[in-house]
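Right, one structure below, let's go through it.
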Amino acid sequence: MNGLLEESELRRQTAAFASAGYEEIYLHARIGLRTPYLSQKWFDAVAAVVDEAEKHGLAVSIWDEDGYPSGFVGNRIKFEHPELQAQYLISTQIQVSAGCAIEYVFDSVEPVFYVGFVAADGTISNITEFCGSLTGAFYNYTQSHPYSSSSMQVGAPHRRCSTRRRGFGILWTPEQDGWIVAVQISRNVATGHNTDLMNPETTDKILNYTHEEYVRRFGRVFLSSFTDEPGPGGRRCSDGKLYPWTGNFAGEFLRDHGQNIVPLLPHLFMDIDGRTPVIRDAYRRTQQRLLTQNYLEKLRVWCAENGAQSVGHLMRTEAPRQISCYWPDELACYRFLDIPCCDPLGRLMGWPDASAHHFGIKVVSSAARHFGKARAGSDILAVTGNETALRDMKFIMNYHMALGVTYFNIDGLHYSYAGERKADAPGSYSLQHSEWPLMGDLLREVKLLAEQVELGVPECQLAVLYPDVTLNTEAVDSAWETRLHLLMEELLARQIEFDLIDGQTLEEQFYATPKALAAKYPRFIVPEARFIACKTAELLEKYVACGGQLQIRGALPRLLDGRATVWNIHAGAGMELPTSPLEGQHPERVLAHRRSEGVLLFNRSGHEFSGFWEGRAVTLAGGEARFLRPGEEIPDWRSIWRSAVELTHWSLTFPANHLVLPCWEIDEKYHEPDDPEMINLLCRDATAPSGVRGYFSRFMFSGRCERLTLRLDRETFTRPGWSCLVNGIPATAWRDEAADWLDCDISELVRGGEFPSQNRIDLIGEQLNEAPYLIGDFAGEYSFARRELPFLAADSGKFELDRPVPWSNLGRGGYSGPGTYETDFSLDEAGTFLLALERVEDAVGVWVDGRRVGAAVAPPYRVELGRLEPGTHRLKIEVWNAPGNRDLLAGLASGLLGKAELYKRQGN
């Protein structure tokens with residue numbers, strides 16, 4: 001939901017989502033929203049969507065925030081309830097020597113909360129009484145006059161200086177060597193996580209502002225509520241030393257652990273003695289309880305009472321050393337969501353070098369199984385970019401299903417694509433996507449496979465300890481994290497079905513029944529654990545005694561016993577991993593998700609895999625995923641079909657071409673000294689100056705210009721009142737028919753002819769922001785590396801081809817959309833036929849004799865044509881490419897680029 005929300009457009013798009021096969025839509029306020037969030041106009045827009053969705057049987061759900069992250073209600077809580085602002089601890093450590101006075105001003109201006117002196121033997125003394133406020137240092141000597149009213153005629157000049165901001169400091173002389181550890185409570189939250197989610201009052205306010213307002217206005221019509229990356233606040237953390245705070249944290253810690261945390265705070269920031277890891281772990285356990293109890297559980301209960309399901313993801317699941325600062329033992333936190341989700345960013349995933357995503361996805365799919373959830377989900381396709389095709393989307397969803405995820409919240413169905421919304425992360429996968437007409441085919445294929453994947457129950461062979469205690473107690477480095485990710489890759493590449501399980505959940509579910517643990521997970525890996533809880537260690541010792549096989553990766557962990565004792569366990573370092581039932585060359589290409597009713601096999605490589613699963617033949621194209629039921633095979637398709645006809649001649653037709661004009665110079669009549677000579681509106685190498693300027697761009701045109709339109713984004717200029725000239729003639733015939741752009745027919749204003757003729761477009765207005773497009777009957781290309789002065793030549797968009805040709809060779813290098821290939825073929829005998837396309841960039845829809853027979857949005861590009869009788873038939877293939885060429889001049893290959901053959905099913 002971005003832009004200025006209009007009822008007619010909202011209804012049109014809602015109907016389109018239902019037609020494409022979406023089952024549920026979240027109403028998410030995004031960057032670029034012009035209708036104020038939670039205003040009356042916002043709720044009017046929601047009403048239109050709810051009404052239209054009901055007509056089409058489409059569920060509507062709540063996205064609980066203005067953008068992301070969840071929990072701040074568009075900054076209402078921070079400003080209207082400052083007492084609920086996020087807090088976190090900051091610390092200063094100062095090494096001191098006996099008898100040497102220490103005079104120190106702390107960098108932060110927040111009041112000192114606690115200052116302890118840590119002696120060499122680990123004892124901590126409270127020296128907070130030696131701290132106080134200080135004005136700070138003098139600086140900036142100036143010659144000044146007294147402050148007085150403007151009526152004062154005489155002011156005596158004098159020399160003075162300013163002082164730095166007021167802060168806090170300490171003046172103290174230690175009697176022995178040691179460290180001063182000062183702790184302050186900061187509310188200077190630099191991230192969007194600016195509310196105190198450990199305080200139950202914060203969640204009450206969130207619910208009152210959003211969820212309850214929706215129900216008051218619309219009733220209990222919402223299927224779900226999505227929470228997106230909520231967090232307790234604080235700076236961005238990669239060192240493990242971010243400690244969120246809330247007003248009653250000390251009391252809550254006392255309740256949980258029977259100790260006062262305040263005099264123990266130095267342990268959070270320094271390694272003092274064997275108690276340090278115990279205290280840090282205890283701190284994180286209280287933090288986790290407060291977050292889950294006061295935020296996640298309150299949301300879940302509200303949803304349950306109002307007929308909705310709680311859905312969402314926490315923060316960077318694939319980066320455990322960051323997530324532990326915000327959501328300690330994240331895996332256990334997901335028990336408080338009805339559908340736990342992950343949020344893997346980018347489209348490069350599934351490969352060994354992207355193994356971080358393995359970990360994040362397995363966390364939520366494992367949590368769903370441990371806590372009895374119907375499914376695990378993904379807030380999918382975020383930060384994937386405008387180059388993303390339906391083929392990429394299907395690959396990403398296949399990969400998720402291979403790791404046990406079957407609920408997909410497709411991020412990026414943009415209402416508007418105007419202005420900088422095109423640069424939102426992700427780009428739009430809505431009606432603005434060039435392959436949108438085939439979105440329904442993608443959704444049908446994914447839903448069918450997801451339904452198969454949900455058959456039966458997972459058949460796990462192994463469990464891996466989620467390193468919650470290590471993350472709670474130590475600031476692990478990136479190398480540690482990488483080793484954890486590589487373990488995920490090792491197991492997945494061997495087609496091993498496994499669960500991650502944290503110590504807390506392990507103890508809750510199996511402490512009294514270690515035999516049940518050994519029966520469910522015959523093998524258990526403890527990876528890279530620096531520390532392990534005593535009860536977890538005790539349970540795993542009983543597990544081994546019951547016949548379970550235990551493997552320790554890395555050094556033996558230390559016990560969380562207050563002395564950091566090394567765990568004395570003789571684990572089977574040589575424990576063999578389960579043997580894969582997959583045979584063939586490069587089995588590591590294939591990921592497998594085992595279920596009691598079959599197995600999902602996903603070929604994550606770009607090459608075909610041919611081999612055997614449990615002795616049954618399996619052939620998978622690159623990127624293909626199939627569900628294999630017991631007793632079934634996935635045979636080589638060429639063993640079923642025999643080549644019948646190679647199709648060699650095609651008639652290719654394009655609709656109107658389009659080409660972006662990214663480079664604009666500033667007319668010398670308007671040029672200011674600091675202005676750039678040229679701006680490129682795609683790469684943004686320079687920013688258009690503020691204020692009114694005249695910009696011009698040139699293009700060459702040859703032939704007769706019969707149809708050429710200049711298209712401007714509605715947010716091309718910062719303010720209205722702009723004007724346009726083409727070859728010095730005002731362009732005034734603007735059509736205001738679309739939501740995001742304006743069109744003007746400039747055919748009569750363009751110079752062409754036998755030789756290329758230069759044309760110039762002038763735009764006069766305040767701050768040029770968006771690149772215009774030329775649309776019409778032409779072939780176009782950029783002959784210069786800077787993407788300026790394109791060459792256009794009139795053409796009809798119709799071609800006769802005897803061999804595959806990239807669209808860029810036909811003057812469509814900047815085009816995204818459909819190209820229609822047609823040909824006739826003759827059959828001597830009846831039969832069932834298959835169309836096999838060697839290479840497609842990127843997706844196809846197929847018609848035979850005017851009847852649509854299917855589509856292929858990703859490999860394998862094979863479509864069954866059904867039974868055909870002898871005679872001549874007409875074949876039509878619509879090829880669609882991704883929006884990257886249109887939006888970014890990405891230079892992506894496009895078109896039908898390999899052999900096209902008809903195959904006849906053998907035996908009929």
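Just so you know, these numbers come straight off a predicted model, no measurement behind them. In this chain, numbering begins with 1 at the start of the sequence shown.
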Original post:
Is Arg886 reaching over with its side chain to a backbone N or O of Val660, donor-acceptor style, under 3.5 angstrom?
Top reply: no
**OP:** Report the C-alpha separation of Phe654 and Trp807 in whole Å, then their side-chain angles, then the decisive distance to 0.1 Å, and conclude whether the ring-ring contact (aromatic ring centres under 6.0 Å, His included) test is met.
**Re:** CA-CA 10 Å; Phe654 291 100; Trp807 288 358; 5.1 Å; yes
**OP:** Provide the closest heavy-atom pair for Gly694 versus Tyr670 in the form atom of the first, atom of the second, distance.
**Re:** N-CG, 3.2 Å
Original post:
So how far is it from Ile746 CD1 to Leu708 CG, rounded to the nearest 0.5 Å?
Top reply: 4.5 Å
Subject >> Cys342 side, atom SG; His357 side, atom NE2 - distance, nearest 0.5 Å >> reply: 9.5 Å
Subject >> CG on Leu443 to CZ on Phe408, rounded to 0.5 Å >> reply: 11.0 Å
**OP:** Please round to the nearest 0.5 Å and tell me the distance separating atom CG of Leu725 and atom CG of Leu749.
**Re:** 10.0 Å
Original post:
Is there a side-chain contact between Val49 and Arg11, using heavy atoms and a 4.5 Å cut-off?
Top reply: no
Subject >> Shortest non-hydrogen contact between Ala882 and Ser434, atoms and distance >> reply: C-OG, 3.1 Å
Subject >> Over all atoms of both residues, closest heavy-atom pair of Tyr782 and Pro662 >> reply: OH-CD, 3.1 Å
**OP:** List the steps, then state whether side-chain contact (heavy atoms from CB on, under 4.5 Å) holds for Asp228 with Asp379.
**Re:** CA-CA 9 Å; Asp228 180 10; Asp379 185 18; 4.2 Å; yes
Original post:
Going by heavy atoms in the side chains, are Trp880 and Pro437 under 4.5 Å from each other?
Top reply: yes
Original post:
Which atoms form the tightest heavy-atom contact between Ala45 and Leu10, and what is the distance?
Top reply: CB-CD1, 3.5 Å
Original post:
Parallel, tilted or perpendicular: which describes the rings of Trp63 and Tyr26, with under 30° parallel and over 60° perpendicular?
Top reply: perpendicular
**OP:** Classify the ring geometry between Phe17 and Tyr22 as parallel (under 30°), tilted (30 to 60°) or perpendicular (over 60°).
**Re:** perpendicular
**OP:** Measure across Ser816 and Asn881 and return the closest heavy-atom pair with its distance rounded to 0.1 Å.
**Re:** CA-OD1, 3.1 Å
Original post:
Is any side-chain heavy atom of Leu774 closer than 4.5 Å to a side-chain heavy atom of Ile761?
Top reply: yes
Subject >> Check: Asp441 side chain, Ala856 main-chain N or O, donor-acceptor pair, under 3.5 Å >> reply: no
**OP:** Using side chain to side chain donor-acceptor pair (under 3.5 Å) as the criterion, point out the one residue from Glu800, Arg803, Glu822 that pairs with His649.
**Re:** Glu800
Original post:
Just checking, is any N or O donor in the side chain of Ser894 or Asn885 under 3.5 Å from an acceptor N or O on the other one?
Top reply: yes
Original post:
Is Ser19 reaching over with its side chain to a backbone N or O of Ala15, donor-acceptor style, under 3.5 angstrom?
Top reply: no
Original post:
Do Ser428 and His433 get their side chains close enough for a donor-acceptor pair, meaning under 3.5 Å?
Top reply: no
Subject >> Asn759 side chain to Val750 backbone, donor-acceptor under 3.5 Å >> reply: no
Original post:
Should the ring pair Phe784 and Phe791 be called parallel, tilted or perpendicular, given that the plane angle runs from 0 to 90° and is split at 30 and 60?
Top reply: tilted
Subject >> Option passing salt bridge (charged side-chain N to carboxylate O under 4.0 Å, His left out) with Arg707 (candidates Asp745, Asp743, Asp777) >> reply: Asp777
Original post:
Counting only heavy atoms not in Asp353, do more than 12 sit closer than 6.0 Å to its CG atom?
Top reply: no
Original post:
Which is it for His414 and Ser430 under the side-chain hydrogen bond (donor to acceptor under 3.5 Å, both in side chains) test, yes or no, and what are the steps along the way?
Top reply: CA-CA 6 Å; His414 292 348; Ser430 187; over 6 Å; no
**OP:** Kindly indicate, with the supporting measurements, whether the criterion ring-ring contact (aromatic ring centres under 6.0 Å, His included) is fulfilled by His193 and Phe72.
**Re:** CA-CA 7 Å; His193 303 90; Phe72 68 106; 8.5 Å; no
**OP:** Run the numbers on Arg347 and Leu381 for side-chain contact (heavy atoms from CB on, under 4.5 Å), then give the verdict.
**Re:** CA-CA 7 Å; Arg347 65 184 176 94; Leu381 303 179; over 6 Å; no
Original post:
Any donor and acceptor pair, going by atom type alone, linking the side chain of Asn680 with main-chain N or O of Cys683 inside 3.5 Å?
Top reply: yes
**OP:** Answer whether the closest heavy-atom distance between the side chains of Glu677 and Glu665 falls below 4.5 Å.
**Re:** no
Subject >> Test side-chain contact (heavy atoms from CB on, under 4.5 Å) applied to Glu781 and Arg812, step by step >> reply: CA-CA 8 Å; Glu781 66 177 7; Arg812 266 78 184 167; over 6 Å; no
Original post:
CD/Glu387 to CG/Asp887 distance, rounded to the nearest 0.5 angstrom?
Top reply: 8.5 Å
Subject >> More than 12 heavy atoms of other groups within 6.0 Å of Tyr68 OH >> reply: no
Original post:
Does the pair Asp740/Arg711 count as a salt bridge with the N-to-O cut at 4.0 Å?
Top reply: no
Subject >> Atom pair CD/CZ of Gln767 and Phe717 - distance to nearest 0.5 Å >> reply: 10.0 Å
Original post:
Hey, is the main chain of Trp42 close enough, under 3.5 Å, to the side chain of Thr35 for a donor-acceptor pair?
Top reply: no
Subject >> Heavy-atom closest pair, residues Cys724 and Leu710 >> reply: SG-CD2, 3.7 Å
**OP:** Could you point out which residue of Leu896, Ile877, Val857 forms a side-chain contact (heavy atoms from CB on, under 4.5 Å) with Val840?
**Re:** Leu896
Original post:
Are the side chains of Glu6 and Tyr415 in touch, meaning some heavy atoms are under 4.5 Å apart?
Top reply: yes
Original post:
Relative to each other, are the rings of Phe699 and Phe701 parallel, tilted or perpendicular (30° and 60° limits)?
Top reply: perpendicular
Original post:
Is a donor on one side and an acceptor on the other found under 3.5 Å between the side chain of Glu838 and the backbone of Lys899?
Top reply: yes
Original post:
Can you find a pair of side-chain heavy atoms, one from Leu659 and one from Phe778, that are under 4.5 Å apart?
Top reply: yes
**OP:** Decide yes or no for Asp736 and Leu742: does some side-chain heavy atom of the first lie under 4.5 Å from some side-chain heavy atom of the second?
**Re:** yes
Subject >> Basic-acidic side-chain contact under 4.0 Å: Arg693, Asp667 >> reply: no
Original post:
Phe696 ring centre to Arg760 NZ or CZ under 6.0 Å, with the angle to the axis within 45°?
Top reply: yes
Original post:
When you measure from the side chain of Ser697 to the backbone N and O of Cys663, does any donor-acceptor pair fall under 3.5 Å?
Top reply: yes
Subject >> Pair Lys422 + Glu420, salt bridge at N-O below 4.0 Å >> reply: no
**OP:** Check the pair Tyr326, Leu242 against side-chain contact (heavy atoms from CB on, under 4.5 Å), reporting the backbone distance first and the verdict last.
**Re:** CA-CA 8 Å; Tyr326 304 100; Leu242 173 65; 3.3 Å; yes
Original post:
Are side-chain heavy atoms of His28 and Phe226 found at a separation under 4.5 Å?
Top reply: no
Original post:
Going by an N to O cut-off under 4.0 Å, is there a salt bridge joining Arg421 and Glu715?
Top reply: yes
Original post:
When you look at CD of Glu672, are more than 12 heavy atoms from neighbouring residues, nucleotides or ligands closer to it than 6.0 Å?
Top reply: yes
Original post:
Should Arg30 and Asp424 count as an ion pair when the cut-off is N to O under 4.0 Å?
Top reply: yes
Original post:
Do Arg391 and Glu435 sit within salt-bridge range, that is, some charged N less than 4.0 Å from a carboxylate O?
Top reply: no
